[in-house]
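For the numbers below, each heavy atom of this structure counts, side chains included, while hydrogens, waters and symmetry mates do not.
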Amino acid sequence: MTGKTHWVVGITTALCVLQPTNLKEWGIGVGAAMVGSVISDIDVHSSHSQKILNWVTKIAVVAALVLAIVEYKFHIGILQAFSEEDGIFRVFVGLFAFLLMCIVGKNSPHRSFTHSFLGWAILSGIVYFISPLAAPYFAVAMLSHILLDLLNRRKVRLLYPLKKGVCFSVCKSDGVINQLLLNVGTAAFLFVSVFLLAIK
């Protein structure tokens, strides 16, 4: 699937599964899911691998900016949640560990470490160390990426470091099913966000 599809499906899946109870949790959840939904593709090896890394970094920056703007305009307590529940030192240690794992992922074969249950567990655990509130959203979104990639024709090494991979060969990564998931996911994101925020 394309990056946009992973992004939309990952965020929407995380919101549907975890159902944030207030605007603060929705903001943190969407931000964490934005990163989780695309972090797996940090391992893309091609002449555009640097572009992919930059794209994933931009997603993280956009997520941080959106959260900062929401916090500034509505004062919903996002920054307070990070400082109270986690502490600045813990956040920095966690971000350093996350960066190290991203470097490991970037230097691994495509659809191996960052598309495996091992990579998913390690990265989700690091996010939990940084923020227990953000971690479930990150984990669900990253898992959605891995599961979507199983539909393609290139094998995913779910049990990395084992060599054997799995794929269902249902569709191309940029074909009709990808476009359908993108369109349905976008509509579902809008509906779910309005529904969740309206009833809280």
Side-chain angles (χ1 to χ4, degrees), residues 1 3-44 52-53 55-64 66-67 78 81-82 85-87 90-106 108 110-152 156-162 165-166 181 185 188-189 192-193 196:
M1 303 300 148
K4 288 185 290 187
T5 301
H6 280 303
W7 198 9
V8 167
V9 171
I11 295 168
T12 304
T13 303
L15 291 177
C16 288
V17 170
L18 298 164
Q19 300 183 14
T21 57
N22 53 53
L23 187 57
K24 176 178 78 173
E25 188 180 344
W26 181 90
I28 291 171
V30 168
M34 286 171 74
V35 178
S37 62
V38 295
I39 197 69
S40 292
D41 278 343
I42 204 165
D43 67 1
V44 172
I52 296 292
L53 178 59
W55 186 74
V56 171
T57 304
K58 285 175 187 172
I59 296 273
V61 170
V62 167
V66 167
L67 293 179
I78 292 173
F82 277 101
E85 95 180 18
D86 308 308
R90 182 173 177 157
V91 170
F92 279 113
V93 169
L95 289 174
F96 180 73
F98 191 83
L99 178 62
L100 283 179
M101 287 299 101
C102 286
I103 291 169
V104 169
K106 183 181 181 296
S108 299
H110 185 40
R111 297 195 175 182
S112 61
F113 174 69
T114 58
H115 285 72
S116 69
F117 292 131
L118 175 64
W120 172 72
I122 290 172
L123 286 167
S124 298
I126 292 170
V127 175
Y128 183 83
F129 179 79
I130 297 168
S131 171
L133 181 59
Y137 293 91
F138 176 92
V140 169
M142 185 175 177
L143 186 60
S144 80
H145 182 119
I146 295 167
L147 295 177
L148 277 180
D149 277 355
L150 289 173
L151 300 176
N152 299 162
V156 176
R157 290 171 62 186
L158 290 175
L159 300 178
Y160 177 89
L162 298 180
V166 180
L181 287 170
F189 168 74
V192 168
S193 293
L196 286 172

Quiz item: Considering residues at least two apart in sequence or located in another chain, which fulfil the ring pair (Phe, Tyr, Trp, His ring centres under 6.0 Å) criterion with His115?
Solution: His110, His145
Practice problem: Go through the structure and list residues passing ring pair (Phe, Tyr, Trp, His ring centres under 6.0 Å) with Phe98, not counting sequence neighbours. | Solution: Phe138
How many angstroms lie between atom [atom1] of [X] and atom [atom2] of [Y], to the nearest 0.5 angstrom?
| X | Y | atom1 | atom2 | value |
| --- | --- | --- | --- | --- |
| Leu118 | Leu123 | CG | CG | 9.0 Å |
| Phe113 | Met101 | CZ | CE | 5.5 Å |
| Leu100 | Ile122 | CG | CD1 | 11.5 Å |
| Leu147 | Thr13 | CG | OG1 | 9.5 Å |
| Leu181 | Lys4 | CG | NZ | 13.5 Å |

Could you check whether any side-chain heavy atom of [X] comes within less than 4.5 Å of a side-chain heavy atom of [Y], counting everything from C-beta outward?
| X | Y | value |
| --- | --- | --- |
| Ile130 | Leu95 | yes |
| Ser116 | Arg157 | no |
| Ser37 | Val9 | no |
| Val166 | Leu159 | no |

Atom of [X], atom of [Y] and distance for their closest heavy-atom approach:
| X | Y | result |
| --- | --- | --- |
| Ile39 | Cys102 | CD1-SG, 3.7 Å |
| Tyr137 | Gln19 | OH-C, 4.3 Å |
| Ser40 | Asp43 | O-OD1, 3.1 Å |
| Ala141 | Gly10 | CB-O, 3.7 Å |

Quiz item: Mind checking what makes side chain to side chain donor-acceptor pair (under 3.5 Å) contact with Ser144, not counting sequence neighbours?
Solution: none
Quiz item: Which residues satisfy the side chain to side chain donor-acceptor pair (under 3.5 Å) test with Trp120, sequence neighbours excluded?
Solution: none
Exercise. Would you please name every residue forming a salt bridge (charged side-chain N to carboxylate O under 4.0 Å, His left out) with Arg111, sequence neighbours left out?
Key: Asp149
Quiz item: Between the side chain of Thr12 and the main-chain N/O of Gly185, is any donor-acceptor distance below 3.5 Å?
Solution: yes
Practice problem: Verify side chain to side chain contact (heavy atoms under 4.5 Å, CB included) between Thr114 and Tyr160, making sure each step is shown before the conclusion. | Solution: CA-CA 9 Å; Thr114 58; Tyr160 177 89; over 6 Å; no
Quiz item: How would you list all residue pairs meeting salt bridge (charged side-chain N to carboxylate O under 4.0 Å, His left out) that involve residues 119-146, not counting sequence neighbours?
Solution: none
